[in-house]
Amino acid sequence: MAFVLALVLALPCAGEAAAADRRSGSDFMAPETRAMQADDMSNPAMLWVADGEQSWHRPEGAAGRACATCHGDATRSMRGVAARYPAFAEATGRPVDLSGRINLCRRTHQPAPPFASESRELLALTAYVAYQSRGMPIAPPQDPRLDPFRANGGALYERRIGQLDLSCAACHDARWGQQLGGSVIPQAHPTAYPLYRLEWQSVGSLQRRLRNCMVGVRAEPYAFGAPELVDLELFLMGRAGGMALETPGVRP
Amino acid sequence: MLHEVRAQPSIGPLRRREVLFAGALCIFGVALPRAALARPSLEDAIRSFTGGAAIQAGRVRLAIPPLVENGNTVGVTVAVDSPMTGADHVTRIGLFNEKNPQAEVAVFRLWPRAGRAQVSTRIRLATSQAVAAVVEMSDGSFWSSDASVIVTLAACIEDLS
Amino acid sequence: MSRALVSVPTTARRGEVIEIRAMAAHLMETGHRTDATGTTIPRNIIHRFVCTYDGDEIFSAVLFPAIAANPFLAFTTTATTSGVIAFSWFGDDGSVQQATAEITVT
């Protein structure tokens, strides 16, 4: 273990990417994987987007309302929405991510039981809503109520965790572009979620990706839906402000 | 299949570092496939596809990346030099692998009206290995092509949650 | 739930060779994996795919567990007449997924 850690730390440091040098995870992928993401008819995540489109129009819950009943045409009403999430939710007094926001609508507006984390239904609806913002710049809200949560996300990002005693920053700021196992370490910009990860053989959320990184350094991952994961996302989206959304992405 | 089956890439100097990192980072994904040892060989599988007929080299182009980031989804295209006429066309394309738990990958059936003899799909490769495409023509002849693929280890793989 | 996506040009000239792509949502469970308790997860894959053009089979495939999840297939056909191109995916569990696309040939 000590040897491995020493090796990790012996790699030269790239340093945090300057704003102009920020690169999406897709920039580090093999050309075949990039091509898979670029073409909707070969991007498997489009199967989820198509599912989400159907759910959008399906009446649900006691009142028999569909998302479309209130929000109409998603291509207009949801355009740009994903680019400014997580956002502050009055209902809970804290930031909520896009999936959480959708579940709030399920619970309070349809009303129907919220979807489980990482369920196919929730991933599909989230992918469909986020897809409406594809190509738009990430626009983190300037809401001062979010500041303490974003700061907490930043602190979590810098904190050393796990048996490997590594922070997110130690890999994603200091060593991006370097090889780790078969993968290149990306800069950890959450530009393409939910996305199809070849390793998962499925679409998954940013939370699932973050949990994978935590397990990778042998830390106990936060549970799905944990406030820490939303704070981390808030921080990462701020850090990626201005970069184009790619949802639904493909990653190795 | 692929969560418990990880490749040991054999790309020279990188290998030692990769194995070390992978060992450190990935809690899961080390066991070897149980079935892999007992399965029929690539040659056996191809023989049952051809019925033992002789296979010639040529006419078949097998496009597959030589190095892949993840063995779960590897794009493959098989193209055959064939006029695709009633008198001279491809009838079947068989795709096989060397080291997955099962040698067969897919068998495609084509007709002259395909116009072009070209098929693409995505396959799983449990580890670095050879992949072969064997093509049957309407005159009963068989042609083939093969390629070897290096499958690298993924970092930070699934937490099984 | 929408379980398949297909791509066929909406129009083509008679005699033109067109590309067809088809993708279905499916885990393609190999039968070689074990769950957390060490029990083998039973095989459940799409084992057969058939594409017809106005009722005639133009392409088919027998698939094995080495086909990636959410199976993707791309192949070609010659545009002959305006009509329906139909796709069927046959699962180990007896399920059949279907999709169709119309093509206008001029």
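All chains are named by letter (A, B, ...) in the order of the sequence lines, taking the proteins before the strands, and each is independently numbered beginning at 1.
The environment of CD in C:E102 is sparse: at most 12 heavy-atom neighbours from other residues, nucleotides or ligands sit within 6.0 Å.
Residue C:M23 comes nearest to A:M41 through the heavy atom pair CE-O, 3.9 Å, listed as atom of the first residue, atom of the second, then distance.
The contact between A:D39 and chain C is made entirely by side chain atoms (from C-beta outward), counting heavy-atom distances below 4.5 Å.
Taking non-hydrogen atoms and a 4.5 Å limit, the residue list of residues 69-82 of chain C in contact with chain A, ordered by number, reads C:A69, C:N70, C:F72.
Of the charged side-chain nitrogens involved, none lies within less than 4.0 Å of a carboxylate oxygen, so that C:R21 and A:D40 do not count as a salt-bridged pair.
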